[in-house]
Visitor: 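Before I ask anything, here is the structure I am working with.
What you see is a predicted model, and the numbers here were worked out from it, not measured in a lab. In what follows, every chain begins at residue 1, and chains take the letters A, B, ... in the order their sequences are listed.
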There are 2 protein chains.
Amino acid sequence: MPPMPPQATSNSTGMATTSSEELGSAAQRERRKRIIDATLALAAKGGYDAVQMRAVADKADVALGTLYRYFPSKVHLLVAGLSREFQRASEKLDRTKIPGDTPTDRLLFVLGRNTRMMQRDPHLTEAMVRAFMFADTTAAAEVEQVGKLMESMFARAMGKEVPTERDSVIFHMIADVWMANLVAWVTRRASATDVQHRLELSVRLLLEGRDED
Amino acid sequence: MPPMPPQATSNSTGMATTSSEELGSAAQRERRKRIIDATLALAAKGGYDAVQMRAVADKADVALGTLYRYFPSKVHLLVAGLSREFQRASEKLDRTKIPGDTPTDRLLFVLGRNTRMMQRDPHLTEAMVRAFMFADTTAAAEVEQVGKLMESMFARAMGKEVPTERDSVIFHMIADVWMANLVAWVTRRASATDVQHRLELSVRLLLEGRDED
DNA sequence: CACATATATAGAACACGTTCTACTCTTGAG
DNA sequence: CTCAAGAGTAGAACGTGTTCTATATATGTG
């Protein structure tokens, strides 16, 4: 067993620790940030395949061994990147008044906004989303964290800060449909408008049990 | 450009050609079958990681180069395996009277039956489902075919042999939720009962706009 | 039959994720 | 200050997906 370094974001409560995020010295937080920056930069340029561990290490100016000490696999790395992106989106959302007359409309606004944001960077989205779906059991915790982030964004959008169990399940389904559609879009099996329509229909059905107003 | 062999299953109509399936000499169909058999056997024994191209080639008694001539990547191979499994499930279904009083119930029966069938072989399911989700654009056609199979199974279950556009979209969403739940199950982020409940809830909401009867 | 061409084979070669080794640099406890 | 343990570094090494090369075998056409 190697001695664990900064690493892992288990955090049993699911709440972020104040604002500074997790353990590690300043230098370590710096390194971790550089690594994720490098990852996302490479992903944005060439997608999943362009995120090569040696390239990430180089660009982040750490040794390959160090990279692996921080993130035990390429998938962990990319899911961590997705997590950070969602965290940022979520924070930005907090500073925004979400438009829409009904909770459903507001959820749809959030979903549409994030979808468009991701579609603006196809390579990056491809890399993160494929890693997310490919993740195996060893990255289950990281995937779960992303799930939590999506759920809480949805909850906030709908003004259900404390979702019921049923709400949670429905948010989870919406997240599933969202991710599935992003995957389809990323692999060119669905157009941007396909995605938009499907999301709208499924959200209305799941939340209101109807579509067309 | 290398000369294409048996290969690809485009089939623009989406209909299976009578019963014998696709082009190629008898020997070629034989090889193809052996390859998929070998793939599924290895997958059943050790999941995604155990499906190693050299091992598949060995077990199928073909050269590595031949394997690649038939299936251009590991993902193609596994998605083809999933496709064949679904085709079989679909055929078996055709020989079955689907129980259930309402179309929704019948769809849920089919979904539950297939889910249980897949859960009976966790490794195999893990291998196929992860490949399915990880597939890139080069395997989009194969993924689409699997999508078509799911859709037509659902359509048949509900007695909607000729689904409307709206039906299709809804079937697609159900397939998305189904696959997402299988992924979650496979990575131990969801239990079998979680999956069952989520599927039931989402199908009822998507099809009837309500749950609890 | 004979040959041209498509397929199949064995195995080397290559790429990239991951692991390992040997060494150096930091850091914090005493 | 000293030094032991942890963290980082450079780079070799390994495993598996994929590609390439050289050769052999089928196959169908004159």
Side-chain angles (χ1 to χ4, degrees), chain A residues 1-8 22-35 38-39 42-43 46-81 127 130-131 134-136 138-139, chain B residues 1-8 22-35 38-39 42-43 46-81 127 130-131 134-136 138-139:
Chain A
M1 279 292 154
M4 286 276 103
Q7 185 72 322
E22 308 308 328
L23 39 156
S25 71
Q28 286 176 332
R29 265 178 283 112
E30 250 309 306
R31 261 188 217 99
R32 189 184 151 88
K33 176 177 184 317
R34 283 210 311 279
I35 290 173
T39 300
L42 288 167
Y48 188 88
D49 291 338
V51 179
Q52 303 189 352
M53 300 306 270
R54 286 175 248 260
V56 171
D58 273 9
K59 181 168 266 229
D61 235 324
V62 298
L64 190 54
T66 305
L67 172 53
Y68 274 96
R69 182 192 281 277
Y70 281 70
F71 299 95
S73 82
K74 176 169 172 170
V75 163
H76 284 78
L77 188 52
L78 281 164
V79 175
R130 283 181 66 209
F134 188 56
D136 66 3
T138 72
Chain B
M1 279 291 155
M4 286 275 103
Q7 185 75 319
E22 307 309 326
L23 39 156
S25 72
Q28 286 176 331
R29 265 178 284 113
E30 249 308 307
R31 262 189 217 100
R32 189 184 151 89
K33 176 177 183 318
R34 283 208 312 279
I35 290 173
T39 301
L42 287 167
Y48 188 88
D49 290 339
V51 179
Q52 303 189 352
M53 299 307 270
R54 287 175 248 261
V56 171
D58 273 9
K59 182 168 264 230
D61 235 325
V62 298
L64 190 54
T66 304
L67 172 52
Y68 273 95
R69 181 192 283 274
Y70 281 69
F71 299 96
S73 82
K74 176 169 172 172
V75 163
H76 285 78
L77 188 52
L78 281 164
V79 175
R130 283 182 65 208
F134 189 54
D136 65 5
T138 72

Visitor: OP1, OP2 of D:dT9 versus side-chain N and O of A:T66: anything below 4.0 Å?
Guide: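 Yes, A:T66 has a side-chain N/O under 4.0 Å of OP1/OP2 on D:dT9.
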Visitor: Distance check: side-chain N/O of A:Y70 vs OP1/OP2 of D:dG8, anything under 4.0 Å?
Guide: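 Checking A:Y70 against D:dG8: at least one side-chain N or O falls below 4.0 Å of OP1 or OP2.
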Visitor: What residues form a side-chain contact (heavy atoms from CB on, under 4.5 Å) with B:A26, not counting sequence neighbours?
Guide: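 Result, side-chain contact (heavy atoms from CB on, under 4.5 Å) vs B:A26: B:R29.
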Visitor: In whole Å, what is the span from the CG atom of A:D58 to the C1' atom of D:dA10?
Guide: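 To the nearest whole Å, that distance equals 11 Å.
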Visitor: Please give, in whole Å, the distance from C:dC16 C1' to A:L77 CG?
Guide: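 That distance rounds to 14 Å.
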Visitor: Side chains of A:Q52 and A:L42: closer than 4.5 Å at any heavy-atom pair?
Guide: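 No, every pair of side-chain atoms sits at 4.5 Å or beyond.
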Visitor: What's touching nucleotides 17-19 of chain C from the protein side, N or O pairs under 3.5 Å?
Guide:
from	atom 1	to	atom 2	distance (Å)
C:dG17	OP1	A:V51	O	3.4
C:dG17	OP1	A:K74	NZ	3.0
C:dG17	OP2	A:M53	N	2.9
C:dG17	N7	A:R54	NH2	2.6
C:dG17	O6	A:R54	NH2	2.9
C:dT18	OP2	A:Y68	OH	3.1
C:dT18	OP2	A:K74	N	2.9
C:dT18	O5'	A:Y68	OH	3.4
C:dT18	O4	A:R54	NH1	3.1

Visitor: Applying a 4.0 Å non-hydrogen cut-off, can you work out what A:D61 is touching in the nucleic acid: base, sugar-phosphate, or nothing?
Guide: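 Since only primed, P, OP1 and OP2 atoms lie under 4.0 Å of A:D61, the category is sugar-phosphate.
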Visitor: For A:A27, does its backbone N or O pair with a side-chain atom of A:E30 as donor and acceptor, under 3.5 Å?
Guide: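 No; zero donor-acceptor contacts below 3.5 Å.
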Visitor: Whole angstroms only, please: what is the CZ-P distance between A:R31 and C:dC25?
Guide: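 So the CZ-P distance, A:R31 to C:dC25, works out to 14 Å.
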Visitor: How long is the line joining CZ of A:F134 and P of D:dG17, in whole Å?
Guide: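 Taking atom P of D:dG17 as the reference, CZ of A:F134 is at 10 Å.
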Visitor: Do B:L78 and B:R130 touch side chain to side chain, with heavy atoms closer than 4.5 Å?
Guide: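 Of all side-chain heavy-atom pairs linking B:R130 with B:L78, none is under 4.5 Å.
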Visitor: By salt bridge (charged side-chain N to carboxylate O under 4.0 Å, His left out), which residues pair with B:K59, not counting sequence neighbours?
Guide: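 By the salt bridge (charged side-chain N to carboxylate O under 4.0 Å, His left out) rule, B:K59 matches no residue at all.
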Visitor: For the pair made of CZ in B:R34 and P in C:dA8, what is the distance, rounded to whole Å?
Guide: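 After rounding, the gap between these two atoms is 10 Å.
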Visitor: Nearest heavy-atom pair of B:A127 and B:G47: which atoms, and what distance?
Guide: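 For B:A127 versus B:G47, the nearest heavy atoms are CB-C, 3.8 Å.
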Visitor: Rounding to a whole Å, what distance do you find between B:R69:CZ and D:dT18:P?
Guide: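 Rounding to the nearest Å, CZ of B:R69 and P of D:dT18 are 17 Å apart.
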Visitor: Suppose we screen for salt bridge (charged side-chain N to carboxylate O under 4.0 Å, His left out). Which residues come up paired with B:R54, at least two apart in sequence or across chains?
Guide: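 Testing B:R54 for salt bridge (charged side-chain N to carboxylate O under 4.0 Å, His left out), a comparison that skips the adjacent residues, returns none.
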Visitor: Find the distance A:L42:CG to C:dC16:P and express it as a whole number of Å.
Guide: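 That distance rounds to 13 Å.
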Visitor: Using a 4.5 Å cut-off on heavy atoms from C-beta on, say whether the side chain of B:H76 contacts that of B:T138.
Guide: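 Yes, at least one pair of side-chain atoms sits under 4.5 Å.
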Visitor: Taking five pairs at each end of the helix from C:dC1-D:dG30 to C:dG30-D:dC1, what angle separates the two helix axes (nearest 10°)?
Guide: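 Rounded to the nearest 10 degrees, the bend comes out at 10°.
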Visitor: In the 5'-to-3' direction, what one-character label does each nucleotide of nucleotides 25-30 of chain D receive under the scheme B = base within less than 4.0 Å of a protein heavy atom, S = sugar-phosphate only, - = no such atom?
Guide: ------
Visitor: Return the minimal non-hydrogen interatomic distance between A:K74 and A:Y48, and the atom names on each side.
Guide: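 For A:K74 and A:Y48, the tightest heavy-atom pair comes out as NZ-O, 3.0 Å.
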Visitor: Please report the closest heavy-atom contact between B:R31 and B:T66, naming both atoms and the distance.
Guide: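 In terms of heavy atoms, the two residues are closest at CD-CG2, 4.2 Å.
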Visitor: So which heavy atom on B:V56 is nearest to which on B:I35, and how close?
Guide: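 Looking at all heavy atoms of both residues, the shortest contact is CG1-O, 4.0 Å.
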Visitor: In this structure, how many angstroms lie between the C1' atom of D:dT18 and the CZ atom of B:F71, rounded?
Guide: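 Spelled out: CZ on B:F71 to C1' on D:dT18 is 16 Å.
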